[in-house]
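All figures in this text were calculated on a predicted structure; none of them were measured in a lab. Remember, it's 1-based here, ligands and their atoms both numbered in the order they're listed.
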Amino acid sequence: MDKIVITGGRRLKGEVQVSGSKNSALPIMAAALLSEEESIIENVPRLRDIQTMIKLLRALGAKALFEDGKVLIKPGKNLRPLAPYKLVSTMRASVCVLGPLLARMGHAEVSIPGGCVIGPRPIDLHLKGLEALGAKIDIQHGYVHARAEKKMRGNEIYLGGGFGSSVLATGNVMMAAVLTSGKTCIESAACEPEVVDLARFLKKMGAKISGEGSPRIEIEGVKKLHGANFSVIPDRIEAGTYIFAAAMTAGDVVIKNLEPSHQNAVIDKLRQAGVTIQKGKNIMRVKRTGRLKPVDVTTLPYPGFPTDLQAQMMALMSTTLGISVITEKIYPDRFMHVSELNRMGCKIFLEGASAIVHGVKRLSGAPVMASDLRASAALVIAGLVAEGTTEVHRVYHLDRGYENLESKFSSLGASIHRERE
Ligand code: EPZ
């Protein structure tokens, strides 16, 4: 297993390029199953989760290959509609194959993903949506058995849950509905850019979809889809992580290949805190010269402040003198990073789904344990300003979602490298 070793204290300066979006690429790769023909998906990051999805597509009988930032997928006529526990348990996004398999093969068996370190992660909304299209769902031995016993038909589906809309449930239902005859309306659909990207890919395959990016998506089922060439959007969470790192280190960083309009909630909070942000087309400059002011943040579905940047925001507020309150409304238990940040000298207290952050003057480097992908990113950016050396263990979490993280930070002047433990 690897660890990342950081010596803090250097201001980040220079330019960094954002990779393609993991959370866009994964459902799009699953959507390629909706046609027999080959699809080519570009701007795909080289990450462990992408490799897992390739393994899953192959296990389902599709040809799948990653080459030079492109994924080639040729599903062919016959798929084996069984997504095994071994793969689904390592990556929750595997559940995205449920909708496409059901639509193409009329039945699917997909292992239930289960919870994870950021809290319980039910799939009731995915199942409710597929049932509304006419699928019969049974849970047996840890697997979802979905079967279109009669012909599936489009329907009105309300997909709001206790924590708002669901990104992957919206995707799953949309993917099943594109090949289901009649009209489907998804109400309380997720509005995240990744859902919009998935809809754009499906439309390139021949699907009829409108309203993506709003809470009401309408789909007119078609008989058949064809393969498509597509390039995924830049990763807004990776981009956000660099924005926070620049602010954290009082740096001056130009971030390239990002979509600035995806960062509005982050920009709003950081400007309030005193960070200077200039936006251009696919480019942003983040600069901090003076002291920061504490700001309160609540995570919400898009266009609200993203839960996937909550830990990074907490790292920033930890070194901002004063008190800030960070409230988590998507995953109320997503606070595993708090105890690790506190080991580095932060003063964070948990009150239910809120973290009360008392900013301190300096952090001190320490060995810390990464618990999930975004928590790991927060520990790395805390390490960039901590006195002395920080060792982030269990780096495999980072490798799930950040392409070349150490080399990108090194090119900005950070002292960071990877070591074998
Ligand atoms: C996606 O997960 C992302 N993953 C997550 O990113 C991200 O944190 C999340 O959306 C929220 O933005 C991928 O895209 C692969 P949800 P998803 O369904 O779709 C509840 C990362 O670090 N819910 O939108 O699985 C759920 O418990 C990852 O890259 C139900 O109640 O999340 C949560 O409270 C982590 N029933 C809320 O909805 C359901 O059936 C939103 O979750 C589904 C979800």
Side-chain angles (χ1 to χ4, degrees), residues 19-31 45 47-50 52-53 56 88 90-99 110 112-132 137 139 144 157-175 186 188-198 215 232-233 235-241 262 265 299-312 328-334 336-337 353 370-378 397-403:
S19 299
S21 162
K22 161 182 89 80
N23 289 349
S24 220
L26 291 171
I28 285 174
M29 288 167 71
L47 297 172
R48 203 158 59 95
D49 276 6
I50 299 293
T52 306
M53 184 55 93
L56 176 58
V88 179
T90 60
M91 186 184 69
R92 202 191 135 76
S94 310
V95 77
C96 294
V97 300
L98 183 56
V110 175
I112 300 173
C116 69
V117 73
I118 64 177
R121 299 186 67 185
I123 56 164
D124 55 311
L125 296 171
H126 299 240
L127 304 185
K128 175 184 164 186
L130 298 177
E131 275 179 327
I137 308 272
I139 309 285
V144 175
I157 305 170
Y158 178 76
L159 269 193
F163 296 94
S165 53
S166 162
V167 177
L168 293 182
T170 303
N172 239 335
V173 176
M174 193 160 68
M175 289 189 278
I186 305 177
S188 199
C191 304
E192 271 69 4
E194 295 76 16
V195 174
V196 176
D197 217 29
L198 174 61
V232 303
I233 50 169
D235 195 309
R236 67 191 167 101
I237 305 301
E238 188 202 5
T241 302
H262 294 166
T299 65
L300 288 169
Y302 189 84
F305 191 95
T307 172
D308 291 343
L309 289 171
Q310 177 254 105
Q312 297 87 320
E328 178 54 66
K329 289 267 180 137
I330 310 289
Y331 300 114
D333 298 324
R334 192 178 202 175
M336 297 293 283
H337 40 284
S371 55
D372 81 273
L373 171 53
R374 311 303 172 185
S376 319
H397 290 295
L398 270 175
D399 294 339
R400 292 187 53 192
Y402 288 92
E403 191 179 46

request  = Sequence neighbours left out, what passes salt bridge (Lys or Arg N to Asp or Glu O under 4.0 Å) with D372? Give chain and number order.
outcome  = R334

remark   = The complete set of side chain to side chain donor-acceptor pair (under 3.5 Å) pairs with one or both residues in residues 162-175, sequence neighbours excluded, reads H126-N172

ask   = If every non-hydrogen atom of A370 is compared with every non-hydrogen atom of H397, which pair is closest and at what distance?
value = O-CD2, 3.4 Å

query = Under a 4.0 Å heavy-atom cut-off, which residues neighbour ligand 1?
reply = K22, N23, R92, A93, I118, P120, R121, P122, I123, D124, L125, H126, F163, S165, S166, V167, L168, T307, D308, I330, Y331, R334, L373, R374

query = For residues Q310 and T299, is any side-chain donor paired with an opposing acceptor at under 3.5 Å?
reply = no

request  = Would you mind checking if D399 and R48 are paired as a salt bridge, meaning a charged N to carboxylate O distance below 4.0 Å?
outcome  = no

request  = Return each pair, listed once, that meets side chain to side chain donor-acceptor pair (under 3.5 Å) where at least one residue sits in residues 189-198; pairs must be two or more places apart or across chains.
outcome  = S24-D197, E194-R236, D197-R200

